[in-house]
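Below you'll find the structure, written out as structure tokens, and then a few comments.
Order of the sequence lines sets the chain letters (A, B, ...), proteins ahead of strands, with each chain counted from 1.
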Amino acid sequence: MVASPGQAGFRDTELLEQLKAGDEKAFAAIIDRYSAQTYRIARTITGNPQDAEDVVQDVFLTIFRKIGSFEGRSAFSTWLYRITVNAAMMKVRGREVRTEEDLERWLPVFDAEGRQLQPVEDWSSNPEKVLLQQEKREIIRQALATLPAEYRVVVALRDLQGLSGEEVAEILGLSLAAVKSRLHRGRLALRGRLAATFGGTE
Amino acid sequence: MISCKEITDLLADYLEGSLDQQTVQALEAHFSGCRTCDNFLETYRTTTNFLRELGEEEVPAELKERIIRFFREHRGRQEEEPGGEETGSG
């Protein structure tokens with residue numbers, strides 16, 4: 001079951017019609033097209049590669065089994081990512097211990113006039129000087145793991161995956177304002193965490 | 001005069017380019033006079049760049065093969081696992 005080169009040119013809607021008709025090559029083409037993104041989203045939400053792979057396997061099996069009920073009211077990718085997020089959140093449910101307080105301790109603090117209370121150093125070029133790419137990624141992953149899951153999911157879809165705010169809102173069933181707020185707070189907390197690692201004085 | 005806190009609240013919209021010209025000018029005037037916010041902007045931007053890089057990371061080479069193997073082992077078991085997770089119907 002290998003996707004033929006011709007299938008790379010098919011649009012999602014054509015592949016889905018073939019998949020509904022039971023064409024395994026169409027299924028292989030869907031895996032070819034979406035497995036990497038699905039894996040990265042699952043990895044960011046669950047925080048580890050093995051859980052991510054379990055999630056991805058479940059997701060594609062679910063896609064195959066439920067394709068008949070996909071009505072195309074939203075884009076296929078929206079449906080796929082929604083299934084991925086649900087499956088990944090199931091994995092972390094119960095073991096997730098991160099709270100809003102965990103996030104808030106990394107946010108900037110201001111005085112009554114709206115001035116930053118702590119000095120802010122520009123550490124943005126420090127990681128490149130002292131770390132290998134792999135080490136840097138590991139530090140970012142560790143920082144991500146300290147965010148509550150509902151923030152990780154927004155960061156995964158918006159910043160790692162590069163989806164628009166509107167797409168993320170549709171996938172998660174949230175308002176655009178809620179997506180923007182979670183993304184910004186999540187980024188602020190990550191910035192604060194990374195400052196503690198990469199900066200000297202913050 | 002726009003405060004550091006207000007600047008911070010607008011960073012995501014500023015980087016996305018979704019602010020009106022007048023607000024952009026007010027932000028940039030603040031950045032040029034406030035080292036703290038300028039540093040904060042650079043490190044906020046760097047944080048988003050790191051996240052984007054993480055989104056380009058290689059995935060395991062055998063991932064697709066393993067998905068297909070898992071699929072072949074489990075595809076026939078649909079009737080044995082009634083219900084399944086709630087996933088929405090598109």
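- Across Q57(A), Q133(A), K136(A), the residue that shares the most heavy-atom pairs under 4.5 angstrom with chain B is Q57(A).
- At a threshold of 4.5 Å between non-hydrogen side-chain atoms, the residues D58(A) and F70(B) count as touching.
- When atom types are taken as modelled, the side chain of R152(A) and the backbone of I45(A) share a donor-acceptor pair closer than 3.5 angstrom.
- Proximity of a side-chain donor or acceptor of R98(A) to a complementary backbone N or O of A145(A) within less than 3.5 Å is detected.
- Listed by chain and number, the residues in a side-chain contact (heavy atoms from CB on, under 4.5 Å) with D51(A) are T46(A), N48(A), D54(A), K91(A), R95(A) (sequence neighbours excluded).
- Of the listed residues (G165(A), G114(A), S35(A), A52(A)), the greatest number of heavy-atom pairs within a distance under 4.5 Å of chain B belongs to G114(A).
- For R82(A) (side chain) and L172(A) (main-chain N/O), no donor-acceptor pair under 3.5 Å exists by modelled atom type.
- Residue R185(A) does not touch chain B at all, counting heavy-atom pairs closer than 4.5 Å.
- Residues of residues 44-61 of chain B that come within less than 4.5 angstrom of chain A, heavy atom to heavy atom, are Y44(B), T46(B), T47(B), T48(B), F50(B), L51(B), R52(B), E53(B), L54(B), G55(B), E56(B), E57(B), V59(B), P60(B) in numerical order.
- The contact between V155(A) and chain B is made entirely by side chain atoms (from C-beta outward), counting heavy-atom distances below 4.5 Å.
- Using a 4.0 Å cut-off between charged nitrogen and carboxylate oxygen, R69(B) and E62(B) do not count as a salt-bridge pair.
- In this structure, no portion of P49(A) lies under 4.5 Å from any heavy atom of chain B.
- The neighbour count for R35(B) CZ, taken as heavy atoms of other residues, nucleotides or ligands under 6.0 Å away, does not exceed 12.
- Of the two parts of Q37(A), neither the backbone nor the side chain holds a non-hydrogen atom closer than 4.5 Å to a non-hydrogen atom of chain B.
- Relative orientation of the F198(A) and W123(A) rings is tilted, given thresholds of 30° and 60° on the angle between their planes.
- For the set R141(A), E113(A), R115(A), the entry with the most heavy-atom pairs within less than 4.5 Å of chain B is R141(A).
- With a 4.5 Å cut-off on non-hydrogen atoms, I41(A) does not touch chain B at all.
- Residue T78(A) does not touch chain B at all, counting heavy-atom pairs closer than 4.5 Å.
- Heavy-atom distances place no part of D38(B) under 4.5 Å from chain A, backbone and side chain included.
- The aromatic rings of F27(A) and F71(B) sit tilted relative to each other, their planes meeting at an angle between 30° and 60°.
- In this structure, R191(A) forms a cation-pi arrangement with F40(B), its terminal cationic atom sitting closer than 6.0 Å to the ring centre and no more than 45° off the ring axis.
- Annotation for L15(A) and A29(A): closest pair CD2-CB, 3.8 Å, computed over non-hydrogen atoms.
- For a residue to count as touching a neighbouring chain, one of its non-hydrogen atoms must lie under 4.5 Å from one of that chain's; by this rule Q134(A) touches chain B with the side chain only.
- Looking at R187(A), both its backbone and its side chain come within 4.5 Å of chain B, counting heavy atoms on both sides.
- At distances below 3.5 Å, at least one donor-acceptor pair connects side-chain atoms of H30(B) with backbone N or O atoms of I2(B).
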